[in-house]
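None of these values were measured; they are calculated from a predicted model.
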Amino acid sequence: FLLRLRGITARGQSVPFEFPEVPPFTGSSYMRLIRSEENSVSTILSPLVVVAEDSGDTRQMLKRALEVKGYRVLEAKNGQEAVQITRELRPQLLIVDLNMPELDGLETIKHVRKMKGSSEQIPIVAITAFDVYGMQEACRDAGCNEYISKPFDLDQLDKVMKDLGF
């Protein structure tokens, strides 16, 4: 833990607070307070999701939809940004558009899967508007966990995330 504090309630009871180390990031953060049986309060960070999408409108739509559900979201405009964020921050989920500049989605997935440590196990959801024959299989071969064709609705994304344990 980065910080441990003790607070005093109005009745004079001592209440411990523990704040875990928070990784540096620039996205929105959401904290959930969990009250334990001992009346101590600890903070737990919501899962961090990286949305790698070159379309600003789609990126913003996904970001807002995920934030409403309590996730922390970081945006990447291309595959290189997604790989860098993943390497540095180890998100719990990566959503990757397959058709991006600088480093496409398939190459992004391959780069992430080659990383050592927890990044090689991060669930990856591929999204694409170019759903051509063999693309889903190519994504699975690259290490993708789930595949969604555009246009998609948010219920589809919810189902995929539930299937992945979110």
Side-chain angles (χ1 to χ4, degrees), residues 1-2 20-32 34 43-166:
F1 287 98
L2 179 65
E21 186 173 350
V22 179
F25 63 91
T26 58
S28 302
S29 74
Y30 288 87
M31 308 272 267
R32 286 186 254 172
I34 307 296
T43 60
I44 299 176
L45 289 174
S46 298
L48 178 61
V49 179
V50 173
V51 174
E53 166 67 66
D54 60 320
S55 165
D57 291 341
T58 303
R59 203 171 53 245
Q60 284 300 307
M61 181 267 302
L62 288 168
K63 179 179 181 185
R64 287 188 185 119
L66 291 165
E67 285 179 336
V68 164
K69 295 190 176 295
Y71 295 98
R72 295 178 296 141
V73 180
L74 291 179
E75 302 173 53
K77 296 178 211 137
N78 59 58
Q80 287 179 338
E81 286 182 11
V83 168
Q84 180 180 352
I85 292 168
T86 301
R87 182 178 294 116
E88 293 174 6
L89 301 178
R90 309 284 186 202
Q92 286 73 43
L93 177 65
L94 184 57
I95 299 174
V96 181
D97 180 28
L98 294 180
N99 188 25
M100 292 185 294
E102 298 184 39
L103 189 64
D104 70 27
L106 282 176
E107 289 303 312
T108 299
I109 294 166
K110 290 175 186 177
H111 274 74
V112 169
R113 290 301 182 226
K114 288 179 185 175
M115 290 179 190
K116 300 295 182 208
S118 60
S119 293
E120 60 191 330
Q121 302 302 319
I122 295 171
I124 301 175
V125 177
I127 57 175
T128 186
F130 302 100
D131 187 21
V132 296
Y133 179 78
M135 184 57 77
Q136 188 168 358
E137 186 177 331
C139 285
R140 299 261 187 225
D141 290 346
C144 176
N145 299 86
E146 296 288 342
Y147 180 91
I148 301 175
S149 296
K150 293 178 187 176
F152 62 91
D153 60 44
L154 294 174
D155 290 337
Q156 267 182 290
L157 181 60
D158 283 343
K159 182 188 178 313
V160 164
M161 290 179 68
K162 283 180 185 164
D163 290 347
L164 291 171
F166 290 92

Task: Derivation and outcome, side chain to side chain contact (heavy atoms under 4.5 Å, CB included), residues Val125 and Leu93 - done: CA-CA 8 Å; Val125 177; Leu93 177 65; 4.1 Å; yes
Considering non-hydrogen atoms only, spot the tightest contact between [X] and [Y] and give its length.
X: Val96; Y: Gly105; result: CG1-CA, 3.6 Å
X: Ala82; Y: Thr108; result: CB-CG2, 4.0 Å
X: Cys139; Y: Ala126; result: SG-CB, 4.0 Å
X: Phe130; Y: Met135; result: O-CG, 4.2 Å
X: Asn145; Y: Pro123; result: OD1-CA, 3.2 Å

Can you find a pair of side-chain heavy atoms, one from [X] and one from [Y], that are under 4.5 Å apart?
X: Arg113; Y: Ile124; result: yes
X: Gln92; Y: Val49; result: no
X: Tyr71; Y: Leu48; result: no
X: Leu98; Y: Ile109; result: yes
X: Leu66; Y: Met161; result: yes
X: Val51; Y: Leu74; result: no
X: Asp104; Y: Asn99; result: no
X: Asp141; Y: Leu106; result: no

Task: Under 3.5 Å side-chain donor-acceptor pair for Gln84 and Glu88 - done: yes
Open item on the list: Walk me through whether Leu103 and Asn78 qualify under side chain to side chain contact (heavy atoms under 4.5 Å, CB included).
Closed with: CA-CA 6 Å; Leu103 189 64; Asn78 59 58; 5.8 Å; no
Exceeds 12 heavy-atom contacts within 6.0 angstrom, atom [atom1] of [X]:
X: Asp57; atom1: CG; value: no
X: Arg140; atom1: CZ; value: yes
X: Lys159; atom1: NZ; value: no

- [ ] Check step by step if side chain to side chain contact (heavy atoms under 4.5 Å, CB included) holds for Thr86 and Ile122.
- [x] CA-CA 9 Å; Thr86 301; Ile122 295 171; 3.5 Å; yes
Task: Main-chain N/O of Asp153 paired with Gln156 side-chain donor or acceptor, under 3.5 Å - done: yes
Task: Check: Ser46 side chain, Gly70 main-chain N or O, donor-acceptor pair, under 3.5 Å - done: yes
In Å, rounded to the nearest 0.5 Å, how long is the span from [atom1] of [X] to [atom2] of [Y]?
X: Ser149; Y: Gln136; atom1: OG; atom2: CD; result: 7.0 Å
X: Glu75; Y: Glu53; atom1: CD; atom2: CD; result: 10.5 Å
X: Lys63; Y: Ile95; atom1: NZ; atom2: CD1; result: 13.0 Å
X: Ile127; Y: Thr58; atom1: CD1; atom2: OG1; result: 7.0 Å
X: Lys150; Y: Thr128; atom1: NZ; atom2: OG1; result: 6.5 Å
X: Gln80; Y: His111; atom1: CD; atom2: NE2; result: 8.0 Å

TODO: Go through the steps to decide whether Tyr147 and Val160 satisfy the test side chain to side chain contact (heavy atoms under 4.5 Å, CB included), and finish with yes or no.
DONE: CA-CA 9 Å; Tyr147 180 91; Val160 164; over 6 Å; no
TODO: Before giving the answer on salt bridge (charged side-chain N to carboxylate O under 4.0 Å, His left out), spell out for Arg64 and Glu67 the whole-Å C-alpha distance, their side-chain angles and the decisive distance to 0.1 Å.
DONE: CA-CA 5 Å; Arg64 287 188 185 119; Glu67 285 179 336; over 6 Å; no
Open item on the list: I'd like to know if Arg59 and Asp97 make a salt bridge, using a cut-off of under 4.0 Å between side-chain N and carboxylate O.
Closed with: no
